[in-house]
Visitor: 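Got a structure for you, written out below as structure tokens; questions coming shortly.
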Number of protein chains: 2
Amino acid sequence: MRSNLCEGTNSVVTIIDVARAAGVAPSTVSYVLSGKRSISPQTRRVVEQSIRKLGYHPHAGARSLATSRTNVLALVAPLREDLTVMDFVAAVATSARDRDQDLLLLTKDEGPTALRRVISSAIADALIVLDVESADPRLPTLLSLGRPVVLIGAPDQTAGLTCVDLDYETAGARCVEHLADLGHRSIALVGPSPAAYQRGASSAGRFLRGITNAANSHGTHLRARPCAPNYDAVRDCLDTLLAGEPTALVVHNEAVLPIAMAELHRRWLRVPDDLSVVAVCSDTAAISGAVPLTTVPVPAAELGGMAVEMVLRQVAGHTQPEIRLLPPRLTPRASTGPRL
Amino acid sequence: MRSNLCEGTNSVVTIIDVARAAGVAPSTVSYVLSGKRSISPQTRRVVEQSIRKLGYHPHAGARSLATSRTNVLALVAPLREDLTVMDFVAAVATSARDRDQDLLLLTKDEGPTALRRVISSAIADALIVLDVESADPRLPTLLSLGRPVVLIGAPDQTAGLTCVDLDYETAGARCVEHLADLGHRSIALVGPSPAAYQRGASSAGRFLRGITNAANSHGTHLRARPCAPNYDAVRDCLDTLLAGEPTALVVHNEAVLPIAMAELHRRWLRVPDDLSVVAVCSDTAAISGAVPLTTVPVPAAELGGMAVEMVLRQVAGHTQPEIRLLPPRLTPRASTGPRL
DNA sequence: CTGAAAGCGCTTACAG
DNA sequence: CTGAAAGCGCTTACAG
């Protein structure tokens, strides 16, 4: 009862094999596959049968050689242990597949050379770059490639670049507005890790700017500190921040979030009665703790989907650079309440 | 002062361009590149200069068409938000690059069809599969591919398959031994999520078997429960487990770990005085909490590296299937102590 | 130590 | 609606 697929020789089934089996020319098989000219119903049927029967799969290299298209997108991702990164990778992978593209994974530490290599060797048609820094050293290379590139994130200089990101500056403002509405006049920010600030992670600076400006214009006191993702750093950071007796805490650091919540608990600080908490992170992280957290969610799925869409538009010929900043939404949950 | 790389036409630089510029035959350029025959020093020098000057990069599709080799490895990863998955992806990506291979990222939910497509279309030379289940539905396809495949994980039936994994059965035993040595006679296990058991995650069952058998032979009482990665599930799980008054807790669930530690703290259970804790997880997760945890670390970096090495050996012609189970090591830290 | 040429498996004008 | 043929950019026997 075994099917006779792949029986006999182990060699590759080519378009010529299919053509012979179907009694047509190779070009006809090609056109059936691409739909680029009309084919009689009978021909189509017999060709499609042969394709199935022989288990034909077009050779990607041959196709790319003939068309200058690979249908592969390269994603450049940082390798750190980070759920948000994983979210973005997942989002881009899924939407790439939805558009019949494969995904090549490059790591950030391969640097600019790898980007040029992948494009110049026609391994991928386009690049999606994660974890962009304010003055990213890869920018000159990216610009000189002359091929489709989309950045998830926004560097300082965006001339000629296509970027998509959450509007972190407004996100910072949203946090202040929400807390100010609840009567809070003193806010503390647990920011990204010192490493993130040092490498100039673009979201870190923009969020800080947004929350600072908003605090000023609301007459709200703000104290901000970066925080490394380990227990000691969190304790120190909270020591410093809580010394100012804030009534609300904004956490823009997903890795630190569970540690910080546990530490607040250890210090007998009830959330939200003693301290309101707003987090900027993925929603899954926000609802896994004891108290469901008010968040400004990072919409990784949307951002990843948009990046794929935008880069494919470029592949299709659209060359106008564009910056898209998604308006942040704040989702109120149990971790924020009125100042008591 | 601009360099004259890439000046003028935007079209692809080919081996013919390089040959012309160097005054040699295209085949000579090819041999300089591949090192497959001896080349006079002068010829080599002039060819290498032309390559640099023109910014030549070999066309991957053309090369794969001519050689039947892509130098691309495909990694099939599950998409869930999970640091361990991220660890494995990072490990495989890095070691692939070290061996001059690119990495294509496939998602688990694409199923067996994607695996066949990627191999049959010569998009990748080989497959590395993560998150293997006891009776994984992809196994028949994988076996029929006739191409290099390495599983990270071990299904029940391994005939004809090459697998590499931590020896989770022995890992379970190590936990019991360590705790029994410290005098503990009643152990509780927080296992992987119900979802993991349901899909038959192979490590879940093997670890449970190992810890169960070891507990029996040590005359130690064991109570085990799966646990979903959210606060309510953790609370329920601990309610059930702690009712048995264990003096030690084994946590084989990285996502649950920070929540569980916070919850123990909330219940006034001091670690290790009231309760010893052993975790099976990456070491970064183990040392980020208030108490550095005794672990049996999951050696993602080693496993990923071995998978790449093994799959490349297969690509090079080595066809003998093999099962490699890494012996687990237990790293004692502050979270385990003698039963008081 | 080096060259000329066939062939890898596709796509797409060109011709009918 | 369909076929015959050139060409995409490499590699590798074959010949010298």
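First the proteins, then the strands, lettered A, B, ... as listed; each starts at 1.
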Visitor: Between C/dT2, C/dC10, D/dC10, which nucleotide gets closest to the side-chain atoms of B/I39?
Guide: C/dT2

Visitor: Remember a base hit wins even if backbone is also touched, and classify A/S68 as base, sugar-phosphate or nothing at under 4.0 Å, heavy atoms.
Guide: nothing

Visitor: What I want to check is whether the side chains of A/R116 and A/S144 have a donor and an acceptor closer together than 3.5 Å.
Guide: yes

Visitor: Counting only side-chain heavy atoms from C-beta out, which of D/dT12, D/dC10, D/dT2 sits nearest to B/K36?
Guide: D/dT12

Visitor: Quick one: do A/L139 and A/E133 satisfy side-chain contact (heavy atoms from CB on, under 4.5 Å)? Show the steps, please.
Guide: CA-CA 9 Å; A/L139 259 27; A/E133 300 166 10; over 6 Å; no

Visitor: So, A/R52 and A/E48, do they make that salt bridge, N to O below 4.0 Å?
Guide: no

Visitor: Choose from C/dT11, C/dG7, C/dC10 the nucleotide whose nearest atom is closest to any side-chain atom of A/S30.
Guide: C/dT11

Visitor: Between B/R44 and B/T67, just flag the one whose closest nucleotide in DNA chain C comes earlier from the 5' side.
Guide: B/R44

Visitor: Does D/dC1 have OP1 or OP2 sitting under 4.0 Å from an N or O in the side chain of A/S38?
Guide: yes

Visitor: Can you tell which of C/dG9, D/dC10, D/dG3 lies closest to the side chain of B/Y56?
Guide: D/dC10

Visitor: What does A/S64 touch in the nucleic acid at a heavy-atom separation under 4.0 angstrom: a base, only the sugar-phosphate, or nothing?
Guide: nothing

Visitor: Using the side-chain heavy atoms of B/S40, tell me which of these nucleotides is nearest: C/dC10, C/dT2, C/dG3.
Guide: C/dT2

Visitor: Is a donor on one side and an acceptor on the other found under 3.5 Å between the side chain of B/S40 and the backbone of B/T43?
Guide: yes

Visitor: Looking only at atom C1', what distance separates D/dT12 and D/dG16, rounded to whole Å?
Guide: 16 Å

Visitor: Is the shortest side-chain N to carboxylate O distance from B/D102 to A/R117 below 4.0 Å?
Guide: yes

Visitor: Could you tell me if the side chain of B/L166 sits less than 4.5 Å from the side chain of B/P299, heavy atoms only?
Guide: yes

Visitor: Where the side chain of B/S30 meets the backbone of B/P26, is there a donor-acceptor pair that is under 3.5 Å apart?
Guide: no

Visitor: May I have the distance from B/Q42 (atom CD) to C/dT2 (atom C1'), rounded to whole angstrom?
Guide: 12 Å

Visitor: Atom OH of A/Y31 and atom C1' of C/dC14: how far apart are they, to the nearest Å?
Guide: 9 Å

Visitor: Find the distance B/I16:CD1 to D/dG7:P and express it as a whole number of Å.
Guide: 12 Å

Visitor: The side chain of B/A66 is closest to which nucleotide in this list: C/dA13, D/dC10, C/dT11?
Guide: D/dC10

Visitor: With respect to the side chain of B/L65, which nucleotide from D/dG9, C/dT11, D/dC1 is positioned closest?
Guide: D/dG9

Visitor: What is the separation between atom CG on A/N71 and atom C1' on C/dC10, rounded to the nearest whole Å?
Guide: 13 Å

Visitor: Dot-bracket for DNA chain C, 5' to 3', counting Watson-Crick or G-U wobble pairs under 3.5 Å, with [ ] for crossing pairs and | for inter-strand pairs?
Guide: |||.||||||||.|||

Visitor: Side-chain N or O of A/T28 less than 4.0 angstrom from OP1 or OP2 on D/dT2?
Guide: no

Visitor: Using atom P of each nucleotide, how far apart are D/dC8 and D/dA4 to the nearest Å?
Guide: 22 Å

Visitor: Which residue lies toward the 5' end of DNA chain D, B/P26 or A/S27, if each is placed at its nearest nucleotide?
Guide: A/S27

Visitor: Taking the side chain from A/S50 and the backbone from A/V46, do they hold a donor-acceptor pair closer than 3.5 Å?
Guide: yes

Visitor: Can you tell me, in whole Å, how much space there is between the P of C/dA13 and that of C/dG9?
Guide: 23 Å

Visitor: To the nearest angstrom, how far is A/R20 atom CZ from D/dT2 atom P?
Guide: 20 Å

Visitor: Show the numbers, then the answer: is there a side-chain contact (heavy atoms from CB on, under 4.5 Å) between B/E322 and B/V164?
Guide: CA-CA 8 Å; B/E322 50 178 333; B/V164 58; over 6 Å; no

Visitor: Between A/R63 (CZ) and D/dG9 (C1'), how many Å, whole number?
Guide: 18 Å

Visitor: Among C/dA4, D/dT12, D/dG9, which nucleotide has an atom closest to any side-chain atom of B/A25?
Guide: C/dA4

Visitor: What integer distance in Å separates A/H59:NE2 from D/dG9:C1'?
Guide: 13 Å

Visitor: Return the nearest nucleotide to the side chain of A/R37; candidates are C/dC14, D/dG9, C/dC10.
Guide: C/dC14

Visitor: Using atom CZ of B/R69 as one end and atom P of C/dC8 as the other, report the distance to the nearest whole Å.
Guide: 20 Å

